[in-house]
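Written out below as structure tokens is the structure these notes cover.
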Amino acid sequence: MRIAVAGGTGTVGHHVVDQATRAGHEVVALARSNGVDLTTGDGLRAAIEGADAIIDVASAQTLSARASRDFFGSVTENLLAAARGADVHHVALSIVGAAAAPHGYYAGKLVQEQRVAASAGHWSILRATQFHEFAAQVLAQAKILGAHLVPRMRSQPVAASEVAAALVQIVESGAHGDEPDLAGPREERMADLSRSYLRRTGSADRVLEVRLPGALGAAMAKGGLLPGSDARLGSQTFAQWLDQYRGTGGADDR
Ligand SMILES: NC(=O)c1ccc[n+]([C@@H]2O[C@H](COP(=O)([O-])OP(=O)(O)OC[C@H]3O[C@@H](n4cnc5c(N)ncnc54)[C@H](OP(=O)(O)O)[C@@H]3O)[C@@H](O)[C@H]2O)c1
């Protein structure tokens with residue numbers, strides 16, 4: 001199959017590209033670094049020409065609800081419009097619990113889910129919990145007086161490589177609609193994971209766990225982003241992922 005991966009250079013995107021390529025598919029990664037801007041649509045039509053499926057794993061680094069809505073709204077519209085009329089399976093990756101806590105970054109995920117589900121063609125939505133890499137991503141967000149601010153957050157993180165495998169499997173099976181949620185094997189506390197990550201990378205930086213204000217903070221702290229009992233569970237724990245980490249800024253198996 002010909003598969004276009006929106007955000008194919010990102011944390012989960014590079015796993016999707018690697019795994020789909022290894023499975024024998026013809027894969028194109030859509031990213032600004034490859035000459036495709038998904039928010040403006042520049043370069044998009046030519047890049048997805050002949051695609052059987054689009055896997056959307058693009059993302060923006062923002063905590064602003066407005067910026068997130070703008071990003072996911074325009075990316076989703078542009079991808080759906082570019083493929084309109086062709087028989088393209090649109091597969092979107094969202095986040096477990098985002099629709100029930102549509103604040104900050106998650107506001108954009110709700111917009112994305114709604115636009116995909118309202119589209120006329122074949123679509124699938126997979127919702128995953130935080131990736132193991134999230135413990136590092138969150139460290140880049142806020143630092144005060146030498147300490148990283150990490151939200152009080154109950155999470156059941158999953159390996160990005162296992163999420164990628166599930167996305168490729170959805171495309172190959174032709175399944176569509178809402179997929180069962182995908183989570184990692186055990187619940188963790190995000191501040192503990194960020195501290196472990198810093199230790200593993202030789203950093204002496206401190207982590208300060210803070211409860212984020214408002215409904216988003218409440219959802220994170222109370223477990224609103226945890227999977228339900230019907231979720232599929234991946235097998236790699238955060239500790240196993242960290243054991244293999246090679247200090248390249250991403251997962252070991254890049
Ligand atoms: N991180 C998590 O823990 C987690 C958990 C569950 C679900 N998700 C979802 O998984 C998806 C991927 O997240 P991620 O953490 O893997 O993202 P990421 O590492 O931040 O990667 C983002 C990707 O999007 C591309 N991109 C950003 N803006 C673009 C633009 N204007 N035009 C074209 N490409 C653009 C980036 O490439 P360029 O910069 O080269 O353009 C990059 O390939 C998101 O939908 C996210 O909500 C994430």
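When a ligand or atom number is given, it counts from 1 through the structure's own listing order. Residues: numbered from 1 along the sequence shown.
- For ligand 1, the atoms lying closer than 4.0 Å to a non-hydrogen atom of Gly10 are 19 (O), 21 (O), 42 (C), 43 (O).
- The closest side-chain heavy-atom distance from Ser161 to Trp241 is not below 4.5 Å.
- Here the side chains of Arg232 and Leu126 are in contact, with some heavy-atom distance below 4.5 Å.
- Grouping Ile, Leu, Val, Met, Phe, Trp and Tyr by side-chain contacts under 4.5 Å, direct or through others, puts Trp123 with Val116, Ile125.
- Contacts between Glu133 and ligand 1 below 4.0 angstrom, taking non-hydrogen atoms only, are absent altogether.
- For ligand 1, the polar-atom distance check finds no N/O of Gly13 at less than 3.5 Å from any of the ligand's N/O atoms.
- For ligand 1 and Phe71, the ligand atoms under 4.0 Å from any heavy atom of the residue are 28 (N).
- If you number the atoms of ligand 1 from 1 as listed, the ones under 4.0 Å from a heavy atom of Gly7 come out as 23 (C), 24 (O), 25 (C), 43 (O).
- No close placement of the Tyr197 and Phe134 rings is indicated, their centers lying 6.0 Å or farther apart.
- Ligand 1 is approached by Ala128 to a heavy-atom distance shorter than 4.0 Å.
- Of all protein heavy atoms, the one lying nearest to atom 12 (C) of ligand 1 is Val57 O, 3.1 Å.
- Looking only at protein heavy atoms, the nearest one to atom 10 (O) of ligand 1 is Leu93 CD2, 3.2 Å.
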Pair Tyr106-Phe72, ring-ring contact (aromatic ring centres under 6.0 Å, His included): steps then yes or no: CA-CA 10 Å; Tyr106 300 105; Phe72 285 105; over 10 Å; no
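- Within ligand 1, counting atoms from 1 as listed, the ones closer than 4.0 Å to a heavy atom of Asp37 are 30 (C), 31 (N), 32 (N).
- A donor-acceptor contact closer than 3.5 angstrom is absent between the side chains of His132 and Gln240.
- Under the 3.5 Å distance criterion, with hydrogens and angles disregarded, a donor-acceptor pair is assigned to the side chains of Ser235 and Glu162.
- From the protein, the heavy atom lying nearest to atom 26 (N) of ligand 1 is Ser59 O, 4.0 Å.
- Taking atom 37 (O) of ligand 1 as the reference point, the nearest protein heavy-atom neighbour is Thr9 OG1, 3.2 Å.
- Of the protein's non-hydrogen atoms, Gln137 OE1, 2.9 Å is the one closest to atom 1 (N) of ligand 1.
- With a 4.0 Å cut-off on non-hydrogen atoms, Val163 does not touch ligand 1 at all.
- Salt bridge absent: Asp42 and Arg32 never bring a charged side-chain N and a carboxylate O closer than 4.0 Å.
- When non-hydrogen atoms are compared, ligand 1 lies under 4.0 Å from the backbone of Ser94 (N, CA, C, O) but not from its side chain.
- Only backbone heavy atoms of Val36 (N, CA, C or O) come within less than 4.0 Å of ligand 1; its side chain stays farther off.
- Using a 30° and 60° split on the angle between ring planes, His89 and His122 fall in the perpendicular class, above 60°.
- Under 3.5 Å, the side chains of Glu133 and Thr11 contain no donor-acceptor pair of N or O atoms.
- Ranking the protein heavy atoms by distance from atom 8 (N) of ligand 1 puts Phe131 CZ, 3.6 Å first.
- Annotation: atom 19 (O) of ligand 1 to nearest protein heavy atom, Thr11 OG1, 2.6 Å.
- Between the side chain of Asp181 and the backbone N or O of Val96 there is no donor-acceptor pair closer than 3.5 Å.
- Shown are Val158, Val16, Val168; of these, the side-chain contact (heavy atoms from CB on, under 4.5 Å) with Val163 is made only by Val158.
- When the options Gln112, His15, Arg32, Gln130 are ranked by their closest heavy atom to atom 29 (C) of ligand 1, first place goes to Arg32.
- Taking any N or O of Ala31, backbone or side chain, none lies under 3.5 Å from an N or O belonging to ligand 1.
- From the protein, the heavy atom lying nearest to atom 45 (O) of ligand 1 is Lys109 NZ, 2.6 Å.
- Counted by atom type alone, Thr201 and Tyr245 present zero donor-acceptor pairs between their side chains at under 3.5 Å.
- In summary, the atoms of ligand 1 found under 4.0 Å from a heavy atom of Tyr105, numbered by their order in the structure, are 44 (C), 46 (C), 47 (O).
- Within the structure, the closest approach of Gln61 to ligand 1 falls below 4.0 Å when heavy atoms are considered.
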